Structure formats: C-alpha cells, structure tokens
Amino acid sequence: VDKSEKMKKLFETWKKRKLTIFGKTEIINTLGISKFLYVASILPLPNENFIKGLNRTIFNFLWGTKDRIKRKTMIGKIEDGGIGIVDILSKFCALKAAWIPRILKKDGHNLIYSHIDSILKTYNVNLEYVLKMNCTDLKQFNAYPKLPIFYREVLIYFNQCKKNSHLQDMNKNEILQEPIWNNKLFLFKGQPIYFKNWVNNIKYVKDLFTENGFKTIEEVSREICTNTNILCEYKIIKTVFRYTREIIAGQESKFINIKNKRYFNFHGKYCTIDNQTCKFFYEIFVKQSFVTPKHQRFYQLEFNIGKDMWKHIYHQKIKLAIDRNIAEFNYKLMHNLLSCRKNLFKWKKEPSEKCDICAETEDIRHLIFDCKNVSYIWNMASLVCKFNIKWKHVVIGFYFEFNQNTNLLNNFISFIALKIYKYKMFCRIENFQETEVSLINNVKKCTIFWYRTIKYSKHKLTTSLIEKFINLL
C-alpha cells in the first residue's frame, strides 16, 4: 500500500509536464511499475482489488479520466497496435512463472528444488511429475495443501503459459503419456480429479490400461494403497475416461516410456524452459490477453488491407516517425482519438457535430483532409510528391516496402496533417477565426522550421521535397 501511494505521488509530479502518450508510458513502465517488481517476485500475488487499484492509478495518469482505448489493447507492442504499457497482472504472473527455470537450474540440485520435491513426495509424486500437469486454477489445485501458497502460484502461472490441448487433437501416444491427476483434460463435474490412494502406482493414462484394455476393478485394487471407496472412485475414473477407452485398445500402453522432459508447448511452439526469463513468460501472458484495436478492423475494410500488413503499418507510421509528436498524432489518428466535432459531440463536449466552415459532419477525415480550408495545402503537397495524395496515404502511409523515399513521404504527409490539426485546435481553444490564408501561413511557418531542423540534424531524409512545398505555399 505504501508503494502504491508513492506511485500516485510520482504521477502527480509528472502530470505538471506536457508529456506525449509515449512519454507517460515510459514513466509508468520505468518509474511506476518497477517499484513493485521485486516484492511481486518473492510474495504471493496480491488480491484482485489491489491490482485494480494500481491499474486505475496508471490509466488515470495516462488518460486523465475516461479510457479512450481498451486497456487490453494498450498492453500490446506498437507493431500490434498497442503502446507497450506493462500489464500489472501479466507481469506479476510472469514473475511467478519465471521461478520454474531457476528451480530447475543445475538439474535440480539446489535447495529450493529439494524442498519442493520433499513436500511433494509425501503425496507420492515429484516435481517433474507436477510440471506435466496443466491445472490453471489455484482453487482447483488443492491436492497438495502442505506446499506453500507461493510455490502453488508458481506452478499455476507456469501452467497458464502452456497451450491448451484437446483430446480430439492428440494422438494415442500423446494421450497415454498424459498425467491423470489435476489435469484439465480429465474432468468430473467440471473439476480435475485427484485420488491420493491411487497416485503411488497409477500416475499416467497408460497406467490405466493393460494389453487386454482398460483395467478392471480387481486389477486396480491390487495396485492402490487402500480399498476404501474404491468402487466409487473406479466408477468416476471410468466415466472420466469414456472417450479414451473408446479410442485406445490397450496394446499401445506397453510401448510407452515416460521421460522427464523439460520442454513444453507454449502456445504453438515447443521449447525448453532452460534459461528462460520473465520476459519470455510475460510475452505469452500479453499475447493471451491482447485485444486487436477496434479501428484496425474498420480501416482494414475501408482500405482493403490484409491482417498481416498492420505490423508494417504501425512500424513505419509510429516507430519510424522522426518526431515523437508525429508518432503520437499517427497513433491517435489510427485509433480515432483526435478531437473532431463528431467525437467531441459523442463525448458530450460540443453541442453540434457540424463543421463551422463547411456545415458538414466533421469526422477526423473531414477535419484534416476534406475541409475547404485544407484543400489548397493538400493540392500543393500532391504537386511536389508527383501523385495525388489520398486519405489512405494520410492514415496508413506507404507500408509495402521501407526505404528513404517511403520514410520521407510518410513523415512529410503526417507532418502536414499534424500541423493542420494543431492549428485548427489552437483556433478553437483561443476563439480565433480560422481562415484558409491563416491556416496556410501557419503550416508554411511550421514547415520552414521543420525543414531547418531536418537539414542540420542527423536524419538522412532528403529535404528538396520539403523545400519545394514551402516555395509553393
């Protein structure tokens, strides 16, 4: 709680500065969330209300009041349409899961491994067996009450990183190698099963079969520790493994050799967990939670873009922008966050959604591209670029290839759109009358300054195109 209050005070200090959305994200990730990482890595997960409170503080600092983009979208990488803000819950869970590679270091010859293994052996299992389980709910993972809650969380969040399997997608050998206990594949009344008396000799699906098929109750009774409730437990097992009994005859079971493996299927790819860090597990959790930007689908239909192209679009329009202000403008443009009258009317900030100049509905496209006052500017920009600039070029730019020319065009078009937007907002805030001449003069003045900045900086962009545009204005 003390750290939470410190984070609030930190954010209040930084609120006094005019930060871009990227600047605020850096403050959140480096100065805010970092306060909790060490404690989160050594203590059990805090309660849900505490995490909600942290998220509320973080996103109030980012947006001020109401969220404008889904939080599950913001946690993604820039190339995916997010902004890379750290997801608190995913980070805390990843810190727990990252303990598994540390525990298994030196082939398990360390104190933590020995401690956990000694506890699990009292339940007739070992750590290598428990790692093969896939139970992801802490409430269902109650078979080992002597195991400290911290290590139960470590195992649970490690399991959450694994890909969810389905019996119908597995072959017979894979099914026979599955652990029986605390396995989401084998549920009874929606809960994983665990019979302590059975675990000593019957651990895997293959142990339920002989060459003649599924074991009878007499064969099972000879292997388990006690016969108490065996009839009831055997009926439950038969019910749970109804599908398995239908597809497996039994002869295959004698050829199955169970090995202690340390590579797992983490959402589509098998890989070892040796030397994996928190970053590896965090990326898996974020991938599970991430939500595609809402307006990405809208532009996808409007401009007929394939899904696989968006990584290139976000990369070129945001990551490769030569100015943070251009990057922020492009980000807000692609997420429909710019303050056009249509949005302000929807947010109940304006009485009308009509443009004062054209008397048409003022959406973002009209504000920046279709308004009468901006047509001359875009005509001159088209003239120097030697092609007709369309709304598509303003929003998504040139993304099929990356070179110096496409980078120049993307930055040039975005800069013009940014300065048009900024001047229109300035006029509205200061109650100045916006005219075509004043808008052109402002864009020209800003472009001259930008031209000089690029010319004498380390940027490799050619400035002849910008110079021609200034002369035409």
Side-chain angles (χ1 to χ4, degrees), residues 68 295 298-299 301-305 313 317 321 323 325-398 408-451 465-473:
R68 299 301 181 192
H295 279 81
F298 171 76
Y299 289 129
L301 293 172
E302 184 180 1
F303 301 134
N304 193 23
I305 310 167
I313 293 168
K317 291 287 284 182
D323 187 328
N325 290 313
I326 294 175
E328 183 183 39
F329 172 77
N330 285 334
Y331 187 83
K332 289 183 175 180
L333 172 62
M334 286 193 276
H335 286 80
N336 195 40
L337 294 182
L338 299 180
S339 300
C340 62
R341 290 199 186 276
K342 185 176 180 180
N343 282 346
L344 293 171
F345 180 72
K346 184 174 70 175
W347 299 336
K348 298 179 180 179
K349 303 288 185 182
E350 283 282 347
S352 172
E353 59 179 17
K354 299 294 182 181
C355 173
D356 292 338
I357 299 156
C358 310
E360 296 178 11
T361 299
E362 187 189 82
D363 56 9
I364 291 174
R365 174 171 178 163
H366 183 89
L367 175 71
I368 295 169
F369 194 74
D370 290 338
C371 183
K372 292 175 184 177
N373 280 358
V374 304
S375 59
Y376 179 79
I377 295 171
W378 287 116
N379 287 336
M380 293 304 101
S382 298
L383 198 62
V384 297
C385 292
K386 298 181 181 179
F387 67 88
N388 186 26
I389 296 174
K390 298 179 180 178
W391 176 238
K392 179 178 180 179
H393 301 133
V394 178
V395 179
I396 61 175
F398 300 89
L408 171 62
L409 288 171
N410 284 334
N411 278 283
F412 175 64
I413 293 170
S414 295
F415 177 81
I416 294 171
L418 168 63
K419 292 307 167 185
I420 290 171
Y421 174 73
K422 286 288 187 183
Y423 184 73
K424 281 176 170 280
M425 295 301 106
F426 171 77
C427 289
R428 290 176 188 182
I429 292 169
E430 300 295 333
N431 289 321
F432 287 169
Q433 185 179 0
E434 178 199 324
T435 64
E436 184 178 14
V437 174
S438 65
L439 178 57
I440 292 168
N441 288 336
N442 182 265
V443 171
K444 182 177 181 178
K445 184 177 69 174
C446 294
T447 309
I448 291 169
F449 181 77
W450 190 56
Y451 162 76
L465 181 141
I466 304 170
E467 191 174 2
K468 288 178 185 176
F469 179 68
I470 292 168
N471 293 333
L472 285 174
L473 290 180

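Only heavy atoms go into these numbers, but all of them, side chains included; no hydrogens, no water, no symmetry mates. Computed from a predicted model, the values in this text were never measured in an experiment.
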Drop me the distance from [X]'s [atom1] to [Y]'s [atom2], to the nearest 0.5 angstrom.
{"X": "Arg428", "Y": "Tyr423", "atom1": "CZ", "atom2": "OH", "value": "12.0 Å"}
{"X": "Asp323", "Y": "Glu328", "atom1": "CG", "atom2": "CD", "value": "10.0 Å"}
{"X": "Trp450", "Y": "Asn411", "atom1": "CH2", "atom2": "CG", "value": "5.5 Å"}
{"X": "His295", "Y": "Leu333", "atom1": "NE2", "atom2": "CG", "value": "10.5 Å"}
{"X": "Asn373", "Y": "Ile420", "atom1": "CG", "atom2": "CD1", "value": "10.0 Å"}
{"X": "Asp363", "Y": "Lys346", "atom1": "CG", "atom2": "NZ", "value": "11.0 Å"}

For residues [X] and [Y], report the shortest heavy-atom separation together with the two atoms involved.
{"X": "Ser414", "Y": "Lys317", "value": "OG-NZ, 2.8 Å"}
{"X": "Lys424", "Y": "Cys371", "value": "NZ-SG, 3.5 Å"}
{"X": "Ile396", "Y": "Ile305", "value": "CD1-CD1, 3.4 Å"}
{"X": "Trp391", "Y": "Glu302", "value": "CD1-OE2, 3.9 Å"}
{"X": "Ile377", "Y": "Phe469", "value": "O-CE1, 3.7 Å"}
{"X": "Ser339", "Y": "Tyr421", "value": "N-OH, 3.0 Å"}

Pairing of Asp356 and Arg341 as salt bridge, 4.0 angstrom limit: yes
Donor-acceptor pairs under 3.5 Å, side chain of residues 378-386 to any protein atom, not counting sequence neighbours: which ones?
unit_1 : atom_1 : unit_2 : atom_2 : d
Trp378 : NE1    : Ile368 : O      : 2.8
Asn379 : ND2    : Ser375 : O      : 3.2
Ser382 : OG     : Trp378 : O      : 2.9
Ser382 : OG     : Ile389 : N      : 3.1

Should the pair Phe303 and Tyr299 be assigned to parallel (<30°), tilted (30 to 60°) or perpendicular (>60°) ring geometry? parallel
Does a sphere of radius 6.0 Å around [atom1] in [X] hold more than 12 heavy atoms from other residues, nucleotides or ligands, not counting ones at 6.0 Å or beyond?
{"X": "Phe387", "atom1": "CZ", "value": "yes"}
{"X": "Gln433", "atom1": "CD", "value": "no"}
{"X": "Lys392", "atom1": "NZ", "value": "yes"}
{"X": "Asn304", "atom1": "CG", "value": "no"}

Under the criterion side chain to side chain contact (heavy atoms under 4.5 Å, CB included), I'd like the reasoning laid out for Phe412 against Ile416: C-alpha separation, chi angles, the key distance, then a yes or no. CA-CA 6 Å; Phe412 175 64; Ile416 294 171; 3.4 Å; yes
Are Glu362 and Lys342 close enough that some pair of their side-chain heavy atoms sits under 4.5 Å apart? no
Can you tell if the side chain of His393 reaches within under 4.5 Å of the side chain of Phe369, non-hydrogen atoms only? no
Hey, does the side chain of Asn410 reach the backbone of Phe398 with a donor-acceptor pair shorter than 3.5 angstrom? yes
Got a donor-acceptor contact below 3.5 angstrom from the Asn343 side chain to the Asn336 backbone? yes
From CA spacing to verdict: side chain to side chain contact (heavy atoms under 4.5 Å, CB included), Leu439, Glu434: CA-CA 7 Å; Leu439 178 57; Glu434 178 199 324; 4.3 Å; yes
Stepwise, does the side chain to side chain contact (heavy atoms under 4.5 Å, CB included) test hold for Ile357 with His366? CA-CA 11 Å; Ile357 299 156; His366 183 89; over 6 Å; no
Tell me, with the steps shown, if Ile440 and Glu436 meet side chain to side chain contact (heavy atoms under 4.5 Å, CB included). CA-CA 6 Å; Ile440 292 168; Glu436 184 178 14; 3.8 Å; yes
